[in-house]
Novice: 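Below is the structure I would like to discuss, written out as structure tokens.
If you read the sequence from its start, that first residue is 1, and numbering goes on from there.
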Amino acid sequence: MFYSKKPKKGKQLKLERNLVTISDSKSIISEQFRTIRTNITFSVTDQELKTILVTSSIPGEGKSTNAANIGVVFAQEGKKVLIIDADMRRPTLHHTFRLPNIDGLSNVLVRKQTVQKVVQETSIVGLYVMTSGPLPPNPSELLASKTMEALLRIVEQEYDLVIFDSPPLLPVTDAQILSHKCNGTILIVDMNIAKKEDVKKAKLSLNNSQAKILGVILNNSALPRNHYHYQYK
């Protein structure tokens with residue numbers, strides 16, 4: 001049996017921030033995240049989809065916010081979901097979910113903690129988070145380690161879906177390493193800052209790592225009023 005940390009009795013979990021799927025679940029954007037959920041579900045037909053990597057070509061394209069919102073809508077569907085902050089260089093998920101980041105992924109990968117001890121519960125039913133933990137000097141090596149393989153086997157057994165929030169593809173190799181281990185990868189592209197050449201390089205790096213690209217989420221796209229702000233192809 002797999003246990004997660006629970007809030008102390010009498011204490012209310014603080015609300016997550018900046019997650020439209022919680023603050024305005026009936027909005028057009030929330031509906032688009034539910035559409036993304038449907039598309040992800042139907043994107044893989046020949047295997048069970050257990051692990052998804054969310055990444056981008058460069059920093060600041062909204063991958064962490066998208067990963068969190070995708071996790072929320074899958075949990076709202078009734079699935080048991082774990083989001084892992086695999087960005088051990090600039091982690092943000094603990095801020096998004098207002099969780100402590102004392103122990104997390106890095107502690108497990110150096111075998112100082114168990115998976116069971118570092119998973120934290122959120123206020124969304126069915127949604128759990130593993131924060132990054134302390135920043136290690138060698139995140140790429142840790143993600144490529146056999147301990148990471150063992151972690152994957154554990155979380156795949158316990159959760160319906162595991163979402164990895166990784167660093168962007170072009171500056172470091174972390175996302176490439178993880179994309180090879182995950183069932184599918186989603187690429188976030190911010191229409192305001194992403195350059196076409198960078199997106200092409202990001203796709204090439206995913207192809208080189210034999211990643212299965214599930215799709216692209218266009219973030220902050222400027223569309224006519226009768227269109228949505230997010231699209232998934």
Novice: At their closest point, which heavy atom of Ile102 faces which heavy atom of Asn107, and how far apart are they?
Specialist: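 For Ile102 and Asn107, the tightest heavy-atom pair comes out as O-OD1, 3.8 Å.
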
Novice: Would Ile193 and Val216 show up in the same hydrophobic cluster when neighbours are defined by side-chain heavy atoms closer than 4.5 Å?
Specialist: no

Novice: Return the OG to NZ distance between Ser205 and Lys200, rounded to the nearest 0.5 Å.
Specialist: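 One gets 14.5 Å once the value is rounded to the nearest 0.5 Å.
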
Novice: Taking the side chain as every heavy atom from C-beta outward, state whether Ile40 and Ile186 have any atom pair closer than 4.5 Å.
Specialist: yes

Novice: Is a side-chain donor-acceptor pair under 3.5 Å present for Thr38 with Thr35?
Specialist: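 Short answer, no.
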
Novice: Do Leu93 and Thr131 have side chains that approach each other closer than 4.5 Å (heavy atoms only, starting at C-beta)?
Specialist: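 No - every pair of side-chain heavy atoms lies 4.5 Å or more apart.
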
Novice: Where the side chain of Lys79 meets the backbone of Phe74, is there a donor-acceptor pair that is under 3.5 Å apart?
Specialist: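 Answer holds: no.
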
Novice: So Ile163 and Val54, side chain to side chain contact (heavy atoms under 4.5 Å, CB included) or not? Walk me through it.
Specialist: CA-CA 7 Å; Ile163 300 171; Val54 178; 3.9 Å; yes

Novice: For a side chain to side chain contact (heavy atoms under 4.5 Å, CB included) check, start with the C-alpha distance between Ser57 and Leu169, then their side-chain angles and the critical distance, and finish with the verdict.
Specialist: CA-CA 5 Å; Ser57 58; Leu169 280 156; 5.5 Å; no

Novice: Give a yes or no answer on whether the side chain of Thr122 reaches the backbone of Leu127 with a donor-acceptor pair at less than 3.5 Å.
Specialist: yes

Novice: Taking all heavy atoms of Ala194 and all of Glu61, pick out the closest pair and write down the distance.
Specialist: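 Answer, listing the atom of Ala194 first, then Glu61: CB-OE1, 3.2 Å.
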
Novice: Within the structure provided, determine whether Lys201 and Leu204 are in side-chain contact (heavy-atom separation under 4.5 Å).
Specialist: no

Novice: Treating Asn183 as the side-chain partner and Thr51 as the backbone partner, does any N or O pair qualify as donor plus acceptor under 3.5 Å?
Specialist: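 Checking the backbone N and O of Thr51 against the side chain of Asn183, a donor-acceptor pair under 3.5 Å is found.
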
Novice: With a 4.5 Å heavy-atom cut-off, do Thr96 and Thr65 have their side chains touching?
Specialist: no

Novice: Answer with yes or no whether the hydrophobic clustering places Val81 together with Val20; edges join I, L, V, M, F, W, Y residues whose side-chain heavy atoms lie under 4.5 Å apart.
Specialist: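 The answer is yes; both residues are in one hydrophobic cluster.
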
Novice: Return yes if some donor-acceptor pair links the side-chain N/O of Ser23 with the main-chain N/O of Leu19 below 3.5 Å, else return no.
Specialist: yes

Novice: Decide, yes or no, whether a salt bridge links Lys195 with Glu197 under the criterion of side-chain N to carboxylate O below 4.0 Å.
Specialist: no

Novice: Should Ile58 and Leu187 be regarded as members of a common hydrophobic cluster, given that ILVMFWY residues are connected when their side-chain heavy atoms come within less than 4.5 Å of each other, either directly or indirectly?
Specialist: no

Novice: CG/Leu218 to CD/Gln32 distance, rounded to the nearest 0.5 angstrom?
Specialist: 11.0 Å

Novice: Of the options Thr55, Asn219, Asp190, Asp165, which is the one that meets Lys63 in a side-chain hydrogen bond (donor to acceptor under 3.5 Å, both in side chains)?
Specialist: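 Filter result, single survivor: Asp165.
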
Novice: Could you please spell out the steps behind the side chain to side chain contact (heavy atoms under 4.5 Å, CB included) verdict for Thr185 and Leu214?
Specialist: CA-CA 6 Å; Thr185 296; Leu214 299 177; 6.0 Å; no

Novice: Are Ile84 and Leu152 joined in one hydrophobic group, where the rule is that I, L, V, M, F, W and Y side chains link up if heavy atoms are under 4.5 Å apart?
Specialist: yes

Novice: Which heavy atom in Arg90 sits nearest to a heavy atom in Asp87, and how many Å separate them?
Specialist: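 Smallest interatomic distance, heavy atoms only, reads N-OD1, 2.9 Å.
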
Novice: Could you tell me whether the side chain of His95 reaches within less than 4.5 Å of the side chain of Asn101, counting heavy atoms only?
Specialist: no

Novice: When you group the ILVMFWY residues by side-chain heavy-atom contacts below 4.5 Å and let the links chain together, are Val199 and Val172 in the same group?
Specialist: no

Novice: Does NZ or CZ of Lys80 lie under 6.0 Å from the centre of the six-membered ring of Tyr128, at an angle within 45° of the ring axis?
Specialist: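 Satisfied, under 6.0 Å and within 45°.
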
Novice: Quick one: CD1 on Ile36 to CD1 on Ile29, what's the gap to the nearest 0.5 Å?
Specialist: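 Taking CD1 in Ile36 and CD1 in Ile29, the distance rounds to 10.5 Å.
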
Novice: Which heavy atom in Gly71 sits nearest to a heavy atom in Ile83, and how many Å separate them?
Specialist: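 In this case the closest contact between Gly71 and Ile83 is CA-CD1, 4.0 Å.
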
Novice: Do Ser64 and Thr92 have side-chain N/O donor and acceptor atoms under 3.5 Å apart?
Specialist: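 Thr92 and Ser64 do have a side-chain donor-acceptor pair below 3.5 Å.
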
Novice: Do Leu105 and Asp85 have side chains that get closer than 4.5 Å, going by heavy atoms?
Specialist: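 Of all side-chain heavy-atom pairs linking Asp85 with Leu105, none is under 4.5 Å.
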
Novice: With a 4.5 Å heavy-atom cut-off, do Leu142 and Val110 have their side chains touching?
Specialist: yes

Novice: Look up atom CD in Gln176 and atom CG in Leu143, then write down how far apart they are to the nearest 0.5 Å.
Specialist: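 If I round to the nearest 0.5 Å, the distance is 12.5 Å.
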
Novice: Please tell me whether Ser179 and Ser209 have a donor and an acceptor in their side chains that are separated by less than 3.5 angstrom.
Specialist: yes

Novice: As a test of understanding, state which of Thr21, Ile52, Ile217 forms a side chain to side chain contact (heavy atoms under 4.5 Å, CB included) with Ile70.
Specialist: Ile217

Novice: I need the Glu158 CD to Lys50 NZ distance, nearest 0.5 Å.
Specialist: 9.0 Å

Novice: Would you mind checking if Asp174 and Arg89 are paired as a salt bridge, meaning a charged N to carboxylate O distance below 4.0 Å?
Specialist: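 Result for this pair is yes, salt bridge flagged.
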
Novice: With no hydrogens and no angle check, is any side-chain donor or acceptor of Gln120 less than 3.5 Å from a backbone partner on Leu99?
Specialist: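 Checking the backbone N and O of Leu99 against the side chain of Gln120, no donor-acceptor pair under 3.5 Å is found.
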
Novice: Can you tell whether the side chains of Glu31 and Arg34 come within less than 4.0 Å, N to carboxylate O?
Specialist: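 The answer is yes: the pair qualifies as a salt bridge.
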
Novice: Apply side chain to side chain contact (heavy atoms under 4.5 Å, CB included) to the pair Leu82 and Phe164, showing each step before the final yes or no.
Specialist: CA-CA 9 Å; Leu82 174 65; Phe164 286 91; over 6 Å; no

Novice: Answer yes or no: is there a donor N or O on one side and an acceptor on the other, between the side chain of Lys212 and the main chain of Cys182, under 3.5 Å?
Specialist: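 Judged by distance alone, no pair lies under 3.5 Å.
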
Novice: With rounding to the nearest 0.5 angstrom, report the CE to CD distance, Met148 to Glu141.
Specialist: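 Here the rounded value is 14.0 Å.
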
Novice: Testing the basics here: between Val108 and Thr147, what is the closest heavy-atom pair and its distance to 0.1 Å?
Specialist: O-CG2, 3.6 Å

Novice: If we only count heavy atoms from C-beta on, is the Lys181 to Ile177 side-chain gap below 4.5 Å?
Specialist: yes

Novice: Check Asn66 against Gly62 and note the closest heavy-atom contact, atom names and distance.
Specialist: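 For Asn66 versus Gly62, the nearest heavy atoms are ND2-O, 2.8 Å.
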
